Protein chains: 2
Amino acid sequence: MTNSVNRRERASQKRQRLTEAAARVLHEQGVERTTLADIAREADVPVGNVYYYFKTKDELVLAALSAHRSHLDELTGRLAESAGPRERLKALVEGWIAQRDTAARYGCPTGTLAAELDKRADGVLDAEAGAVIRRLLDWTGDQFRALGLPDPEGLALTLVCGYQGMSLMASALRDPDVVTREGNRLLAWLDSLPVPAEDA
Amino acid sequence: MTNSVNRRERASQKRQRLTEAAARVLHEQGVERTTLADIAREADVPVGNVYYYFKTKDELVLAALSAHRSHLDELTGRLAESAGPRERLKALVEGWIAQRDTAARYGCPTGTLAAELDKRADGVLDAEAGAVIRRLLDWTGDQFRALGLPDPEGLALTLVCGYQGMSLMASALRDPDVVTREGNRLLAWLDSLPVPAEDA
DNA sequence: GTCTATACATAGATAGAC
DNA sequence: GTCTATCTATGTATAGAC
């Protein structure tokens, strides 16, 4: 293994560290209140060095969004191991409930980012935020479709709206119980859905 | 009518103009991306003059939040004229549906403000945003209670979560139809609730 | 590839003339 | 009460040494 390879590996490690730090800090502080210095500190990278990996702050925001997309893909990958579509959806909701303290403090990572970016006049970053949310919507729709239910897209919309609504309200009221209560309501709703073919 | 009174009236008119302009612009652009110059321009007041009425930017944000509170009170005042509690709640949801284009572009005025302010470490402004949302929650709970339903607070939470969820999703997906679809679902839900005493 | 020093722009806030 | 000029701080971004 040559030195140049070592360097390249460490370099991409730094890029990776910056990306994950951006995802974390942007979630906690929002885009506009977060400075490049904040992200650099969190990633343990010197401030001026950031520009070697990302030309602009917006590129870092984009990287954070793609990190959220990866996290989502990992999550749905794990959920794929659940017995059937209904169990996968319930496991998804249970995961949200387990994260209730974070939601009550900072809201949904992707949802709050989308809300902030959507106010921009130029529609580059907000389209990307919307795409991540749409990915969750699509996966959820696939599960309802596998259950053989009519209007799977509509059901998926209801579920994801429920998630975003309870996350925002938990954060606005600073109360994790909001997630517990609404999450349990969603679980009961999933249980109540009549299913023609349970594990299609 | 003396000159001093005239001046005082015009002065408070300017303060009022600044407050309403702040409510509007902060909703459209968010807190951090909005400059005092933006608000001053919208209110047709010279920039430097803003500081005569508001000592800091945060005071303007606070004024905008109290404007949202007033708008909410006006709305519930108008809804009070509806026949019964169920009609009032349905009229509330129908109002949200009518505003779907604004929601798809900028989200809920109070909800997006709350989401942004909640990320601050100091909890002054975010508490105020939470208070406005709680006011809607309380009024909604009163209606469910008047209907004689069990757990009126829980039902109110579900309704307001539904509003915030569909507003955020409509804005993230840039699609007003999200509000139409989820709003109609909420209307059907309200209709489906069994009511012991219809107009208690 | 890494890091320091600094340029440049912007925005919040203040001083003081009118 | 009204408005202009300006101070000051901060944050993005760049130039260039190592």
Side-chain angles (χ1 to χ4, degrees), chain A residues 1-19 21-22 25-26 28-65 113 116-117 119-122 124-125, chain B residues 1-19 21-22 25-26 28-65 113 116-117 119-122 124-125:
Chain A
M1 198 183 278
T2 70
N3 274 339
S4 77
V5 168
N6 270 335
R7 260 193 240 110
R8 215 180 303 141
E9 269 176 9
R10 255 185 305 145
S12 57
Q13 266 177 25
K14 271 195 182 178
R15 196 179 204 283
Q16 186 60 22
R17 277 219 309 280
L18 280 167
T19 301
V25 180
L26 291 175
E28 292 174 4
Q29 305 190 339
V31 177
E32 298 301 331
R33 283 182 79 88
T34 297
T35 69
L36 294 173
D38 290 335
I39 298 172
R41 194 183 319 117
E42 178 86 4
D44 201 34
V45 168
V47 201
N49 202 348
V50 172
Y51 286 93
Y52 178 75
Y53 300 98
F54 300 94
K55 275 194 284 293
T56 63
K57 183 181 179 179
D58 277 4
E59 275 192 22
L60 254 174
V61 178
L62 211 58
L65 282 170
L113 222 52
E116 194 178 356
L117 295 172
K119 309 224 164 190
R120 293 198 179 183
D122 91 318
V124 184
L125 287 179
Chain B
M1 196 182 282
T2 69
N3 274 340
S4 78
V5 168
N6 269 334
R7 260 194 240 112
R8 218 179 303 142
E9 271 178 7
R10 254 184 306 146
S12 57
Q13 267 177 23
K14 271 197 181 176
R15 196 178 204 284
Q16 185 61 21
R17 278 218 310 281
L18 280 167
T19 301
V25 180
L26 290 175
E28 292 174 4
Q29 305 189 341
V31 177
E32 298 301 330
R33 283 182 79 89
T34 297
T35 69
L36 294 174
D38 290 336
I39 297 172
R41 195 184 317 118
E42 178 86 4
D44 201 34
V45 168
V47 202
N49 202 349
V50 171
Y51 285 93
Y52 178 74
Y53 299 99
F54 300 93
K55 275 194 285 291
T56 63
K57 183 182 179 179
D58 277 4
E59 275 192 22
L60 254 173
V61 178
L62 211 58
L65 281 170
L113 222 51
E116 195 178 356
L117 295 172
K119 309 224 165 192
R120 293 198 180 184
D122 91 318
V124 184
L125 288 178

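Proteins get letters first, then strands, A, B, ... in listed order; numbering begins at 1 in each. Note that the structure is a prediction, hence the values are computed from the model and not measured.
Regarding B:Arg17, its CZ atom lies at a distance of 14 Å from the C1' atom of D:dG1, rounded to whole Å. We find that CG of B:Asp58 is positioned 14 Å from C1' of C:dA11, with the value rounded to whole Å. Between A:Leu18 atom CG and C:dT2 atom C1' there is a gap of 13 Å when expressed in whole angstrom units. A straight line from CD of A:Gln29 to P of D:dG11 spans 11 Å, rounded to a whole angstrom. In this structure, the NZ atom of B:Lys14 is 8 Å from the C1' atom of D:dG1, given to the nearest Å.
When all heavy atoms of A:Glu59 and A:Lys55 are compared, the pair lying nearest together is OE1-N, 3.4 Å. Residues A:Gly30 and B:Lys119 come closest through the heavy atom pair N-CD, 3.7 Å. Minimum heavy-atom separation, B:Gln29 to B:Arg33: O-CB, 3.5 Å.
Remark: B:Glu32 engages B:Arg120 in a salt bridge, criterion side-chain N to carboxylate O under 4.0 Å.
At a non-hydrogen distance threshold of 4.0 Å, A:Thr34, A:Thr35, A:Leu36 from residues 30-39 of chain A come into contact with DNA chain D. Within residues 43-51 of chain B, the residues having any heavy atom under 4.0 Å from DNA chain D are, by residue number, B:Pro46, B:Gly48, B:Asn49.
A:Leu117 places a side-chain heavy atom less than 4.5 Å from the side chain of A:Leu65. You'll find the side chain of A:Leu18 reaches within 4.5 Å of the side chain of A:Ile39, heavy atoms only. Looking at heavy atoms from C-beta onward, A:Thr19 lies in side-chain contact with A:Phe54 at the 4.5 angstrom threshold.
Taking only side-chain atoms of A:Thr56, from C-beta outward, the nucleotide of C:dA13, D:dA13, D:dT2 with the closest atom is D:dA13. Here the nucleotide nearest the side chain of A:Lys57, chosen from D:dT12, D:dG1, D:dT2, is D:dT12.
Residue B:Tyr53 places no side-chain N or O under 4.0 Å from the OP1 or OP2 atom of D:dG1.
With sequence neighbours excluded, the residues that form a salt bridge (Lys or Arg N to Asp or Glu O under 4.0 Å) with A:Arg41 are A:Asp38.
In this structure, the side chain of A:Lys14 does not engage the main chain of A:Ala43 through any donor-acceptor pair within 3.5 Å.
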